[in-house]
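Encoded as structure tokens, the structure appears first; notes follow it.
Just so you know, these numbers use all the heavy atoms, side chains as well, and skip hydrogens, waters and symmetry mates. Small disclaimer: the values here were computed from a predicted structure and weren't measured.
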Amino acid sequence: MTAAGPPAGDDQDHRADPGADAPRSMFAREELLSQLGGWRGMVDATLPTLTFVVANGIGGLRTGIWAAVGAAALVFVLRLVRRESTQQAVSGLFGVAIAVAIAAASGEARNFYAPGIIRNAGIGVVLLVSVLVRWPLVGVVAEFLSPSHLGGLAAGGVAGLRGKGGAGAPVDGPADGGGRPRSADPVPERHWREDRRMVRTYSWLTVLWAGTFLLRVAVQGPLYLADEEDLLGVASIALGLPVTAVALLVTLWAVSRLHRHRAPSVDDPPA
């Protein structure tokens, strides 16, 4: 007598089970958010510029250059000692190195801000183009970090971005090869770009972010041409973290409304 084998079709059912090969998008989002560094990363990115502005005003270009490099290196070392993500610090160090090199080669402090002005102009244009082609980049990024059909931000909590307590949170179940719980992200019934309300909201949010970048160009560009290096530094700081924070808060508010609009209510009876 031979032992009864598994019922026919079990193997196919296992392969068709979404839990068997669950998507790992949640882990990708977690990794990206960790690399971005949150508010700490934004502050770290501002520190070298702030240091340059102060040191340049006190001791001149050479002092400002060494102070900016020192600040960027200090951020990197502190993150390394604390065993935090250094990707943000490395990017900041690289950006400061380019700005410092241009300023040192030209002998003009205003050129420290030239890479930032060019970068802001480029990002602003790309954001506007994405709206014209109906692929608003704020929507692309938001739907990757916290998909609206999961409803993680439906209550307006920032925790939804990290998948905590929301519909997109990892659940108990078989672990993947790295020992982590598999993601339970369900497949959306339809793509977010098929929802006119979502495309419209993501479009104006993308225009808002484009405006923050182009505003910096509009203010700093004339100051650069007029060689107003002190005012350039003040504008760089004033239009940096504060403006970004306001745009981010508006974005979180609007995205939370989209989540309430798109995600099914937890009180809704199952279909």
Self-check item: For Trp66, ring-ring contact (aromatic ring centres under 6.0 Å, His included) partners two or more places apart
Solution: none
Self-check item: Pairs touching residues 200-227 that satisfy ring-ring contact (aromatic ring centres under 6.0 Å, His included), sequence neighbours left out
Solution: Trp192-Tyr202
Quiz item: Can you name the residues that form a salt bridge (Lys or Arg N to Asp or Glu O under 4.0 Å) with Arg216, not counting sequence neighbours?
Solution: none
Quiz prompt | Shortest non-hydrogen contact between Ala71 and Thr51, atoms and distance | solution = CB-OG1, 3.5 Å
Quiz item: Hey, what do you get for CG (Asn111) to OG (Ser106), rounding to the nearest 0.5 Å?
Solution: 3.5 Å
Quiz item: Is it the case that one hydrophobic cluster holds both Val219 and Val53, taking links as side-chain heavy atoms less than 4.5 Å apart, direct or via other members?
Solution: yes
Practice problem: Mind running side-chain contact (heavy atoms from CB on, under 4.5 Å) on Thr63 and Ile58 for me, showing each step along the way? | Solution: CA-CA 8 Å; Thr63 302; Ile58 296 175; over 6 Å; no
Exercise. Look up atom CG in Leu225 and atom CG in Leu232, then write down how far apart they are to the nearest 0.5 Å.
Key: 9.5 Å
Exercise. For Gly124 and Ala210, work out which heavy atoms get closest and say how close.
Key: O-CB, 3.7 Å
Exercise. With rounding to the nearest 0.5 Å, note down the distance linking OG1 in Thr201 to CG in Leu258.
Key: 4.5 Å
Practice problem: Sequence neighbours left out, what pairs pass side chain to side chain donor-acceptor pair (under 3.5 Å) with at least one residue falling in residues 113-136? | Solution: none
Quiz item: Shortest non-hydrogen contact from Leu223 to Leu231?
Solution: CD1-O, 3.8 Å
Quiz item: What residue among Val138, Val199, Thr206 forms side-chain contact (heavy atoms from CB on, under 4.5 Å) with Val131?
Solution: Thr206
Quiz item: If you group Ile, Leu, Val, Met, Phe, Trp and Tyr by side-chain heavy-atom gaps below 4.5 Å, do Leu248 and Leu239 land in one group?
Solution: no
Quiz item: Of Val96, Val69, Leu61, which meets side-chain contact (heavy atoms from CB on, under 4.5 Å) against Phe52?
Solution: Leu61
Quiz item: What residues, two or more places apart in sequence or in another chain, satisfy side-chain contact (heavy atoms from CB on, under 4.5 Å) together with Ala121?
Solution: Val217
Exercise. Go through the steps for Thr212 and Thr244 under the test side-chain contact (heavy atoms from CB on, under 4.5 Å), then give the verdict.
Key: CA-CA 7 Å; Thr212 65; Thr244 300; over 6 Å; no
Quiz item: Got a sec, which residues hit salt bridge (Lys or Arg N to Asp or Glu O under 4.0 Å) with Glu108, two or more places apart in sequence or on another chain?
Solution: Arg110
Self-check item: Flag, side chain of His259 to backbone of Ser146, donor-acceptor distance under 3.5 Å
Solution: yes
Exercise. Indicate yes or no: at least one non-hydrogen side-chain atom of Leu128 is less than 4.5 angstrom from one of Leu214.
Key: yes
Quiz prompt | Joint hydrophobic cluster, Val250 plus Val140, side-chain heavy atoms closer than 4.5 Å | solution = yes
Quiz item: Which distance, rounded to the nearest 0.5 Å, do you find between the OG1 of Thr49 and the CG of Asn56?
Solution: 12.0 Å
Practice problem: Any chance you could measure His191, atom NE2, to Met198, atom CE, to the nearest 0.5 Å? | Solution: 10.0 Å
Quiz item: Atom CD1 in Ile123, atom CD1 in Ile118: separation rounded to 0.5 Å?
Solution: 12.0 Å
Exercise. Identify whether Ile237 and Leu47 are in the same connected component of the hydrophobic contact network (ILVMFWY, side-chain heavy atoms under 4.5 Å).
Key: no
Quiz item: Hey, any chance Leu132 and Val125 share a hydrophobic cluster, counting ILVMFWY side chains that come within less than 4.5 Å of each other, even indirectly?
Solution: no
Exercise. Measure the shortest side-chain to side-chain distance between Ile102 and Pro115 over non-hydrogen atoms and say whether it is less than 4.5 angstrom.
Key: yes
